[in-house]
Every structure is written in C-alpha cells, then in structure tokens.
J.: 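First the structure, then my questions, so here it is.
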Amino acid sequence: MGTGEENSNLFLRVFDRLSAHYGPQNWWPGESNLEIMVGAVLTQNTNWINVEKAIANLKKGDQLSFSCLQSMPVKELAEYIRPAGYYNIKAQRLKNLFQMIADKYEGEISFLFEDSLDGSRENLLRVKGVGPETADAILLYAAKKPAFVIDTYTHRVFSRHQLVEEDTDYYSLQQEFLDSLPEDVSLFNEFHALIVAVAKEFCKKKKPRCSNCPLQRVEEK
DNA sequence: CACCAGGCAAGTA
DNA sequence: TACTTGCATGGT
C-alpha cells in the first residue's frame with residue numbers, strides 16, 4: 001500500500017494521495033477496547049476534544065471499567081460525561097450498550113469481539129442509540145474487524161470530488177469501499193482517519209477550501 | 001453573535 | 001418514504 005506508484009483503483013489512489021500527504025494517523029486514540037467503545041458513543045455529532053474531557057472525567061474517578069459503568073446509575077454517568085454534550089441521552093445509550101453485552105455476552109467485551117462480524121454488528125445495531133456508524137467504529141477500531149466506517153465527512157469529501165453519487169446512503173457508500181478495497185483492517189482504519197483529516201482541513205461545511213487539497217484531480221488517471 | 005462537531009431516534013405527513 | 005426536530009456542551 002502507498003508505494004508512490006499511481007494506482008489504477010480510484011479509491012486506492014485516493015488513499016495513496018491522502019497517505020502521502022498526511023502520513024500515519026494512529027487512530028483510534030484510547031487505551032482499551034472499553035475506552036474505544038465509550039468514545040464511539042460519546043463522539044456522536046460531537047467534537048473529539050469534548051469526548052476526551054468526558055473520558056478523562058471517568059478515568060479521574062476511576063470509573064472506566066465495565067463493572068463500574070454497568071452498576072453506575074444513569075444519572076451519575078451523565079454527570080461524568082457532561083462535557084461531551086447530549087449527556088443524558090448518551091448516558092442512557094451507554095447503559096443500553098452495556099446491558100446488551102451483559103445479556104448476550106456474559107458481560108465480557110472480548111466475547112462480543114470474538115463473535116462473527118455480522119453477528120456482532122447485528123447485536124450492536126439492536127442497541128437503541130447505536131447506529132451504523134457507531135457500530136462499525138466499534139467493530140473496526142475496538143474489535144479490529146474489517147468494517148469500513150462511513151461518516152458525514154466520508155460522504156462530503158467523496159461526493160464533493162464527484163467520486164460517488166451525491167444522494168447515496170450509508171450502506172451503498174460502504175459497499176463501494178468494500179467492493180474496491182482489499183479486506184484489510186489496518187487499511188480501513190487508516191483510510192477513515194485520513195478522510196477525517198482531509199475533510200477537517202479542506203471540506204468543512206461552511207468554508208470549502210478546495211485550493212491545495214491533496215485530492216485535486218484524483219479522478220483523472 | 002452564529003455555526004459547527006468523527007449520529008441517532010422519534011415524530012410528522 | 002422523506003423530511004424535521006430534540007438532544008447540549010464547548011470551540012472558533
């Protein structure tokens with residue numbers, strides 16, 4: 001990957017451009033699978049900086065373990081995660097997630113991750129508050145399974161560069177990535193992180209700065 | 001001051 | 001099915 005040669009696969013060419021421009025992203029920040037899972041819920045429609053504050057609160061109170069979080073009243077959890085915004089609903093969503101792991105995987109996160117990709121995704125999606133992006137983020141970044149994460153940035157960057165249809169949906173867009181990329185967890189990990197990096201610099205909603213974007217004319221072979 | 005950030009669910013028509 | 005709205009703090 002990223003040999004410097006221009007790749008004939010358009011999506012891999014995008015990856016090569018971004019990889020050459022930005023270098024390794026080292027996602028996902030988080031010291032444990034539990035921390036990554038919690039972060040995946042907390043970052044819903046929320047700046048990552050604020051998620052880090054919420055996680056720091058849990059760590060400071062020595063509450064970042066499955067048993068602590070599982071037994072903690074939802075109202076108390078909400079106070080710990082307050083800086084991440086939407087704290088009441090996110091506290092309930094985290095409780096829903098822990099309850100599913102308790103019910104279906106004996107309270108062991110490792111058992112969830114030992115399940116098949118499709119099986120674990122189904123159970124994650126059944127949790128109220130876990131949608132496709134959150135589920136795939138947990139599967140890719142915590143479980144290290146080949147689930148390609150789609151987010152608003154992915155859609156914005158690729159449609160703005162006219163690499164995909166403007167009105168595509170989550171699963172169609174994800175399928176395009178799965179169809180054109182080798183099934184490689186570290187590639188999926190890095191690619192998603194690189195898309196976020198380029199979007200933050202060049203593809204903000206309000207200020208589209210397209211000059212000097214590393215993806216200019218990537219569609220031409 | 002307005003706008004946005006690594007979504008999701010529920011309500012409406 | 002296709003919009004719209006609530007959820008909420010903190011940075012620019």
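Bear in mind the structure is a predicted one, so any value in this text is a computation, not a measurement.
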J.: Which nucleotide in the list B:dA9, B:dG7, B:dG6 gets nearest to the side chain of A:Trp48?
T.: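 Taking heavy atoms from C-beta onward, the closest nucleotide is B:dG6.
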
J.: Restricting to pairs with a member in residues 38-59 of chain A, which pass ring pair (Phe, Tyr, Trp, His ring centres under 6.0 Å), not counting sequence neighbours?
T.: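 Only A:Trp28-A:Trp48 qualify under ring pair (Phe, Tyr, Trp, His ring centres under 6.0 Å).
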
J.: Go through the structure and list residues passing side-chain hydrogen bond (donor to acceptor under 3.5 Å, both in side chains) with A:Asp62, not counting sequence neighbours.
T.: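 A:Asp62 satisfies side-chain hydrogen bond (donor to acceptor under 3.5 Å, both in side chains) with no other residue.
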
J.: Look for any protein N or O under 3.5 Å of an N or O in nucleotides 11-13 of chain B and output each such pair with its distance, or none.
T.:
none

J.: Under a 4.0 Å heavy-atom cut-off, which of residues 155-166 of chain A touch DNA chain B?
T.: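 Those residues are A:Arg156.
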
J.: Throw together a table of side-chain donor-acceptor distances under 3.5 angstrom for residues 72-81 of chain A, partners on residues two or more places apart or in other chains.
T.:
| residue | atom | partner | partner atom | Å |
| --- | --- | --- | --- | --- |
| A:Glu79 | OE1 | A:Arg82 | NE | 3.3 |
| A:Glu79 | OE2 | A:Arg82 | NH2 | 3.4 |

J.: Take A:Phe191 and A:Phe11 through the test ring pair (Phe, Tyr, Trp, His ring centres under 6.0 Å) and record every step on the way to the result.
T.: CA-CA 10 Å; A:Phe191 205 165; A:Phe11 280 26; 7.2 Å; no

J.: Across nucleotides 2-12 of chain C, 5' to 3', mark each nucleotide with B, S or - according to how protein heavy atoms within less than 4.0 Å reach it.
T.: -----BBBSS-

J.: Check every strand shown and say whether A:Val149 touches a base, only sugar-phosphate, or nothing at a heavy-atom separation below 4.0 Å.
T.: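 No contact.
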
J.: Mind checking what makes side-chain hydrogen bond (donor to acceptor under 3.5 Å, both in side chains) contact with A:Ser120, not counting sequence neighbours?
T.: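 Per chain and number, A:Ser120 pairs via side-chain hydrogen bond (donor to acceptor under 3.5 Å, both in side chains) with no residue.
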
J.: Is A:Thr43 close enough to B:dA5 that one of its side-chain N or O atoms is under 4.0 Å from OP1 or OP2 there?
T.: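 No, A:Thr43 has no side-chain N/O under 4.0 Å of OP1/OP2 on B:dA5.
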
J.: Cut-off 3.5 Å, no hydrogens considered: what does the side-chain donor-acceptor table look like for residues 137-147 of chain A, sequence neighbours left out?
T.:
| residue | atom | partner | partner atom | Å |
| --- | --- | --- | --- | --- |
| A:Tyr141 | OH | A:Asn189 | O | 2.7 |
| A:Lys144 | NZ | A:Tyr141 | O | 3.0 |
| A:Lys145 | NZ | A:Phe113 | O | 2.9 |
| A:Lys145 | NZ | A:Asp115 | O | 2.7 |

J.: Run the ring pair (Phe, Tyr, Trp, His ring centres under 6.0 Å) test against A:Phe188 and tell me which residues pass, sequence neighbours left out.
T.: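 Per chain and number, A:Phe188 pairs via ring pair (Phe, Tyr, Trp, His ring centres under 6.0 Å) with A:Phe148.
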
J.: Just jot down the salt bridge (Lys or Arg N to Asp or Glu O under 4.0 Å) partners of A:Glu35, sequence neighbours excluded, or say none.
T.: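 Partners of A:Glu35 by the salt bridge (Lys or Arg N to Asp or Glu O under 4.0 Å) criterion, ordered by chain and then number, come out as A:Lys59.
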
J.: Not counting sequence neighbours, list each pair that qualifies as a ring pair (Phe, Tyr, Trp, His ring centres under 6.0 Å) and has a residue in residues 53-79 of chain A.
T.: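 Sorted pair list: A:Phe66-A:Phe98.
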
J.: For residues 159-168 of chain A, pull every pair meeting side-chain hydrogen bond (donor to acceptor under 3.5 Å, both in side chains), keeping only residues two or more places apart or in separate chains.
T.: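 side-chain hydrogen bond (donor to acceptor under 3.5 Å, both in side chains) check on residues 159-168 of chain A returns no pairs.
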
